[in-house]
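Each chain gets a letter, A, B and so on, in the order its sequence line appears, and its residues count up from 1.
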There are 2 protein chains.
Amino acid sequence: IVHTQDVTKVYTMGSEEVHALRGITCTIYSGEYISIMGPSGSGKSTFFNMVGGLDKPSAGEVYIDEVDIAQLGVYELAWLRCRKIGYIFQTFNLIMVMNAIENVSLPMIFAGLSADEARDKAAELLGLVGLGDRLTHRPVEMSGGQQQRVAIARALANDPAIILADEPTGNLDLRTGREIIELLTAMKEERGVTIITATHDHKMLAASDRVIWVTDGQISRIQKREEL
Amino acid sequence: IVHTQDVTKVYTMGSEEVHALRGITCTIYSGEYISIMGPSGSGKSTFFNMVGGLDKPSAGEVYIDEVDIAQLGVYELAWLRCRKIGYIFQTFNLIMVMNAIENVSLPMIFAGLSADEARDKAAELLGLVGLGDRLTHRPVEMSGGQQQRVAIARALANDPAIILADEPTGNLDLRTGREIIELLTAMKEERGVTIITATHDHKMLAASDRVIWVTDGQISRIQKREEL
Ligand SMILES: Nc1ncnc2c1ncn2[C@@H]1O[C@H](COP(=O)(O)OP(=O)(O)OP(=O)(O)O)[C@@H](O)[C@H]1O
Ligand SMILES: Nc1ncnc2c1ncn2[C@@H]1O[C@H](COP(=O)(O)OP(=O)(O)OP(=O)(O)O)[C@@H](O)[C@H]1O
Ligand SMILES: [Mg+2]
Ligand SMILES: [Mg+2]
């Protein structure tokens, strides 16, 4: 369960301020599939960074399983990032000097698996996203959508309780996009994984339990699937 | 007018070969709005690189206004890239150490405008894509969709005859995406610019004069708007 209490984020550049988040209070229940939708620049990625413990709010609290993550020390925060949450970033954030299987193995190696165990599982995950024949290719040797799918495989590496997916289908064609949505839905239904996605992709609506609409750093409305 | 004659591209990595393009022959007429659609990894960005003179085919020819671009020298090829074709890359390719107005000004300065003329026009173009209040922000201080719009403004900088747009709406919400499509349509209708886009975005279909469907490095079919 993820709860944010009046989370605010202000970016300051010289004398300028951008109010990316203007007080977000919401609760996301374990095993939910949530889509966060909103215009470009409305605060989706910023909210992600808060919930994922990748950045700190200017004000407000983020609780994961009732723990205020601002209270976590370096070790606990790293554990949170490494084992509990899988991230699919908007810009993939793959390591360019590593190939696909190395990118997907790395989080598992950090989490304590042997190199062999990590490689085997990485190969399995890459097969799951349709890249079983590209294990030794580096990001620069792949299309945009293929890179995104490596990022998705990597997010699944440590069997996370929560998957944060920032635009996971943005670079994918209709069919591949649907396959990814089905994969995320299966994660939720079969393993109880909490899915939180920021997206502009209306295919996501049908898969979501709830949709949180964000406008200019605030929640403008929340809809359950029945209401869509 | 752009014509490709049996263009093939093979990427070689060690003993492996990827056949990204398997013989593409097509003609794109001046002032057309063409969408190239196809699954992830089907060859769209690779085809772009051919048509835009950014990479060379393994076999086959690319003609722009009846000139075989393989015959162009370094000076002519640079002129082509700088002044005739505007590029909107799938990964934006913005210069991270420059702010928005510097990124958009640069092509114009390379093309011979004074720094002042370039800045004025860059400010106008950024306003056109809804970023008039972000002129001095750097890419790292912007959302994914905002970065994409800087890339779009930059593509328009030298009033190109051809715009190559690789996934120009991939990171944009519905409304901003439509605004960009309207902008591209206006370029075609008011200035006769040839628009060539690779996209997964079905909103593009209505704006296109023709849609070229690419599968596994080949054209599988071409449809006129009336047939969609
Ligand atoms: N590191 C940063 N420094 C300064 N401003 C930032 C930073 N990151 C984001 N912003 C600004 O905060 C606002 C929200 O950005 P955010 O990336 O959360 O939007 P978004 O909803 O994800 O947009 P998109 O759909 O385009 O990805 C934007 O105005 C953006 O320019
Ligand atoms: N530099 C490269 N080196 C090796 N292989 C490459 C390179 N660029 C692309 N490829 C491969 O060529 C094929 C076509 O890639 P391309 O980027 O053209 O696809 P795309 O249609 O643009 O896909 P997407 O919709 O995912 O962006 C893919 O299998 C890709 O992995
Ligand atoms: Mg974003
Ligand atoms: Mg591509």
Side-chain angles (χ1 to χ4, degrees), chain A residues 11-16 18 20 36-48 89-92 99 129-131 133-150 166-167 169-180 198-203 213-215, chain B residues 11-16 18 20 36-48 89-92 99 129-131 133-150 166-167 169-180 198-203 213-215:
Chain A
Y11 292 106
T12 306
M13 292 151 288
S15 62
E16 277 192 72
V18 172
I36 298 173
M37 301 195 90
S40 178
S42 56
K44 300 179 301 297
S45 295
T46 303
F47 182 60
F48 259 59
F89 295 99
Q90 193 168 14
T91 48
F92 323 144
N99 63 29
V129 297
L131 290 173
D133 60 342
R134 299 310 241 358
L135 303 185
T136 59
H137 290 195
R138 286 180 284 110
V140 73
E141 297 161 333
M142 292 188 176
S143 78
Q146 287 165 341
Q147 290 184 45
Q148 195 159 35
R149 288 187 270 152
V150 174
D166 199 350
E167 298 287 356
T169 58
N171 280 286
L172 303 179
D173 59 283
L174 202 56
R175 174 185 170 190
T176 309
R178 282 180 173 146
E179 289 175 357
I180 295 306
T199 182
H200 300 120
D201 187 351
H202 282 75
K203 291 193 297 304
W213 299 86
V214 174
T215 306
Chain B
Y11 291 106
T12 306
M13 293 152 287
S15 60
E16 277 190 73
V18 172
I36 300 173
M37 299 195 91
S40 179
S42 56
K44 300 179 301 295
S45 297
T46 303
F47 182 60
F48 258 63
F89 296 100
Q90 194 167 12
T91 48
F92 323 144
N99 65 29
V129 296
L131 290 173
D133 59 340
R134 299 310 249 343
L135 303 184
T136 59
H137 291 197
R138 286 181 284 111
V140 73
E141 297 160 334
M142 293 188 175
S143 78
Q146 287 164 342
Q147 289 182 47
Q148 196 158 37
R149 289 186 271 151
V150 174
D166 199 352
E167 300 286 359
T169 57
N171 280 287
L172 302 179
D173 59 282
L174 203 58
R175 174 185 170 192
T176 310
R178 281 180 177 148
E179 288 172 359
I180 296 305
T199 182
H200 300 120
D201 188 347
H202 282 73
K203 290 192 298 301
W213 300 85
V214 174
T215 307

Report task. Under the side chain to side chain contact (heavy atoms under 4.5 Å, CB included) rule, collect the residues that match up with B:Glu179, sequence neighbours excluded. Result -> B:Arg175
Query raised in the report: Quick one: do the A:Asn171 and B:Gln90 side chains pair a donor with an acceptor below 3.5 Å?
Result: yes
Where on [X] is there a heavy atom nearer than 4.5 Å to chain A: the side chain, the backbone, both, or neither?
X: B:Glu141; answer: side chain
X: B:Arg134; answer: side chain
X: B:Thr46; answer: neither
X: B:Ser143; answer: side chain

Query - Pairs of heavy atoms under 4.5 Å with chain A: top-ranked of B:Ser45, B:Gly14, B:Gly41 - result: B:Gly41
Query raised in the report: Of the listed residues (B:Met13, B:Arg149, B:Met37), which shares the most heavy-atom pairs with chain A below a 4.5 Å separation?
Result: B:Met13
Requested in this report: Start with the C-alpha gap between B:Thr136 and A:Glu16, add the side-chain angles, then the distance that decides, and say whether side-chain contact (heavy atoms from CB on, under 4.5 Å) holds.
Outcome: CA-CA 11 Å; B:Thr136 59; A:Glu16 277 192 72; 3.9 Å; yes
Query raised in the report: Is the backbone of A:Ser40 close enough, under 3.5 Å, to the side chain of B:Asp173 for a donor and an acceptor to pair up by distance?
Result: yes
Query raised in the report: Can you tell if the side chain of A:Val18 reaches within under 4.5 Å of the side chain of B:His137, non-hydrogen atoms only?
Result: yes
